[in-house]
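Here the structure comes first, spelled out in structure tokens, and everything after it is commentary.
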There are 2 protein chains.
Amino acid sequence: MTSGEPTHLPTLEEVARVAGVSRATVSRAINGGSRVSPQAQAAVDRAVAQLGYTPNRAARSLVTRRTDSVALLVPETGARFVSDPFLTGVLQGVTTALAGTELQLVLLVAQHAGDTARQLRYLRSGHVDGALVTSHHGNDELALEMSRLGLPFVFGGRPFDPDSVAVPYVDADNVNGGRLAAEHLIGTGRRRLATVAGPADMSAAVDRLDGWRRALEEAGLHADAVEHGDFTIDGGTAAMERLLRHHPDVDGVFVASDPMASAALQVLRNFGRRVPDDVAVVGFDDTMLATTTTPPLTTVRQPAEEHGERMVEMLLEQLAGSPPRLGGEILPVELIVRESA
Amino acid sequence: MTSGEPTHLPTLEEVARVAGVSRATVSRAINGGSRVSPQAQAAVDRAVAQLGYTPNRAARSLVTRRTDSVALLVPETGARFVSDPFLTGVLQGVTTALAGTELQLVLLVAQHAGDTARQLRYLRSGHVDGALVTSHHGNDELALEMSRLGLPFVFGGRPFDPDSVAVPYVDADNVNGGRLAAEHLIGTGRRRLATVAGPADMSAAVDRLDGWRRALEEAGLHADAVEHGDFTIDGGTAAMERLLRHHPDVDGVFVASDPMASAALQVLRNFGRRVPDDVAVVGFDDTMLATTTTPPLTTVRQPAEEHGERMVEMLLEQLAGSPPRLGGEILPVELIVRESA
DNA sequence: TTGAAAGCGATACCAA
DNA sequence: TTGGTATCGCTTTCAA
């Protein structure tokens, strides 16, 4: 019964017959209804309802050259994507913002490094009207490729070298985030400061580290205690262990993502350090994770959902015909004080 | 430059011209290449590469009546979806399994309760070849509607009343999960047992509770200490507080999801109970969360990714023409012992 | 305001 | 093995 036999779908043609008008009229009626008489409109509406008609998207796309769908491109491997609460927050913002439109979301998640070629081919083939690109690494290869595509798109996170690669993007104020973390730790009397930064090839990580360093230097403190992690829990564990080995006297640490910060808390406990008494910890993200740790994380909040929503809005502008605004929109961050620092 | 002006995409027609063959031949060549001479195939391959040709999906869909895409339907509101690590795990499994195919994933996330009508309309309109349905509540309305659709589909989680609504589904062995939790607590000497169960209108919650109760009764223990939460952190907090109020002497509790279990740990700490010394806690899921809590959670592991992968496989079978196997595929669960119990 | 008709870019049948 | 051609369902001129 529930087999692949799709019960026949009504076509425009049939609606026209039932409504007693032409196909052209039906088409106008279901698309905004400009230049159709009230009675024709009514007849069409009735026929549509009666038949349960919905336009065939493929047929429509073929002529309008629009697909009414956009892609969310995730260059990260799937594992990274779903396990990062910030990224899932962005996803939620995207779906929310898209809900108000006719646009469908096609999810393009890389499976292995180097999958980008396949993703780009998909985008190039006119399957979607635009693309949202999240969480990209390193060199700005992808940004360049996207620019060449001639397809509307928005980046989540600034490109690595925004001067040489101008693309529309949304980003959090990561520099200020790093600074806020530093100032909080300094302000609460910590002096042996260190940080678990993100990957050196991600702009978000670079910016957070940058803000952190500047604030430390302004306060006359050393800013050379730095270990890098990959933003994941496992990466955070390894980085925090290195940090404690190299700087056993640390009394305050800024960990550049909540997953890494939750790992840092575990490591500190394993090493017999009390948080925040012996070592204060400030995270970054303020996702669900921040409240489930012990102690709950003091962390820099970046608005993940708003991030996703803004990306969609910027894409919609382009789809509406506006030229892409090259350059970024920076979302504010704020420090959320809980118990870890 | 990156404007909405899609640089002209080559068509079959042009490939044919460049290759010096007919459109029909090109079509055969790019689709499996049966009944095309080696030289024709070679000429086409060359032309395709030279022009950077990719078939227009809309045009193809129009005639093949396939869309080469499937929907992941999430009746939950977006918030629930992205904040539930189990669901994101399923998502990952789905994208992984789909990566090996030509199928694209369209994400259909409900925005508000009652959004299902819109989602169903979308499915009904032939926009996708099949659907995966996750995390559904209550009465089996949706299952019935899906059956009526005549579209291949697979449920994640059994329908509420599988006898009256026969649909293909993948599910975890929730009953056994509840039993494992109970047996572990009993086996470690706990006697005042209670549970924070999931929503009474979700089959997964009902099954976990069922297994739990049966094991307790077999052991001659009372199984009446039950509070319900909605599987979220906030729901877990409220339910755990009620539980402690009504059963202050509890020494072992099974919390039916990791998010709720992490909340339960916080509540217990706030009430001055030590875990596991005073109260042992067993969770359910074994997601990332289970390792970030203090103490790390002893929890029943259900294979989220495999769940998603199996759903895709069952859908692929249907798309390949097999009749849908009505009834479920049950995935085994196992107890992961950490420190909370 | 309406309808006739010309495509959009592919597939698939049929005859060669 | 090939190529010509009808066709999928819709939008969009262009005349009426």
Side-chain angles (χ1 to χ4, degrees), chain A residues 5-45 47-48 51-69 102 122 124-129, chain B residues 6-45 47-48 51-69 102 104 122 124-129:
Chain A
E5 214 60 63
T7 37
H8 168 77
L9 295 173
T11 69
L12 237 205
E13 180 82 47
E14 307 180 49
V15 175
R17 195 160 41 234
V18 171
V21 297
S22 73
R23 282 158 43 194
T25 300
V26 175
S27 178
R28 287 181 213 111
I30 61 177
N31 293 307
S34 70
R35 300 187 323 174
V36 299
S37 64
Q39 45 272 53
Q41 180 74 54
V44 170
D45 289 346
V48 166
L51 269 48
Y53 170 79
T54 352
N56 178 313
R57 248 189 160 133
R60 175 178 279 174
S61 281
L62 194 50
V63 32
T64 60
R65 301 173 154 295
R66 285 180 300 101
T67 63
D68 291 325
S69 60
E102 287 287 76
Y122 182 81
R124 190 164 20 236
S125 310
H127 299 323
V128 292
D129 298 337
Chain B
T7 36
H8 169 77
L9 295 172
T11 70
L12 236 203
E13 180 80 48
E14 307 179 50
V15 175
R17 195 159 43 234
V18 171
V21 296
S22 73
R23 281 160 43 194
T25 301
V26 176
S27 178
R28 286 182 216 112
I30 61 178
N31 293 309
S34 69
R35 299 189 322 173
V36 298
S37 64
Q39 47 272 53
Q41 181 73 53
V44 170
D45 290 345
V48 166
L51 269 48
Y53 170 78
T54 354
N56 178 314
R57 242 183 166 137
R60 176 179 278 173
S61 281
L62 193 52
V63 31
T64 61
R65 305 174 149 295
R66 284 181 301 100
T67 62
D68 293 325
S69 61
E102 286 288 76
Q104 292 304 324
Y122 181 81
R124 188 161 27 234
S125 310
H127 299 323
V128 293
D129 299 337

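Atoms considered below: every heavy atom in the structure, side chains included; atoms not considered: hydrogens, waters and symmetry mates. A note on names: the letters A, B, ... follow the listed sequences, proteins ahead of strands, and every chain is numbered from 1.
At the phosphate of dC8(C), neither OP1 nor OP2 sits under 4.0 Å from any side-chain N or O atom of S61(A). Between dT11(C) and S27(B), a contact under 4.0 Å exists linking OP1 or OP2 to a side-chain N or O. Taking only side-chain nitrogens and oxygens, T25(A) comes nearer than 4.0 Å to OP1 or OP2 of dG3(C). Contact between the side-chain N/O atoms of T11(A) and the OP1/OP2 oxygens of dG9(D) is not found at any separation under 4.0 Å. Note on R65(B): a side-chain N or O is less than 4.0 Å away from OP1 or OP2 of dG9(D). Side-chain N/O atoms of N56(B) include none lying less than 4.0 angstrom from OP1 or OP2 on dC8(C). For R60(B) and dT11(C), the shortest distance from a side-chain N or O to OP1 or OP2 is below 4.0 Å.
The shortest distance between side-chain heavy atoms of V128(A) and Y122(A) falls below 4.5 Å. By the 4.5 Å heavy-atom criterion applied to side chains, Y53(A) and V26(A) are not counted as neighbours. Between V21(A) and R28(A), the closest side-chain pair of non-hydrogen atoms is not below 4.5 Å.
Look at CG on L62(B): it is 13 Å from C1' on dA12(C), rounded to the nearest Å. Following rounding to the nearest Å, R23(A) (CZ) and dT2(C) (P) show an atom-to-atom distance of 17 Å. The distance from atom NE2 of H127(B) to atom P of dC8(D) is 19 Å, rounded to the nearest whole Å. For the pair R66(B) CZ and dA12(C) P, the interatomic distance rounds to 8 Å; values are reported in whole Å. Here the P atom of nucleotide dC10(D) and the CD atom of E13(A) are 9 Å apart, to the nearest Å. In this structure, R28(B) atom CZ and dC13(C) atom P are separated by 11 Å, rounded to whole Å. Here the P atom of nucleotide dT7(D) and the CG atom of L12(B) are 19 Å apart, to the nearest Å. We find that CZ of R35(A) is positioned 11 Å from P of dT12(D), with the value rounded to whole Å.
Heavy-atom nearest nucleotides on DNA chain C were determined for A59(A) and for S22(A), and the one closer to the 5' end corresponds to S22(A). Along DNA chain C, the nucleotide nearest A24(B) and the nucleotide nearest A58(B) are compared for position; the residue whose nucleotide lies closer to the 5' end is A58(B).
Side-chain atoms of R57(B) come within 3.5 Å of backbone atoms of D68(B) as a donor-acceptor pair (strictly under, hydrogens ignored).
Between the CD atom in E14(A) and the CG atom in L9(A) there is a gap of 9.5 Å [rounded to 0.5 Å].
At a threshold of 4.0 angstrom between heavy atoms, the contacts of A40(A) are confined to the sugar-phosphate backbone, with no base atom among them.
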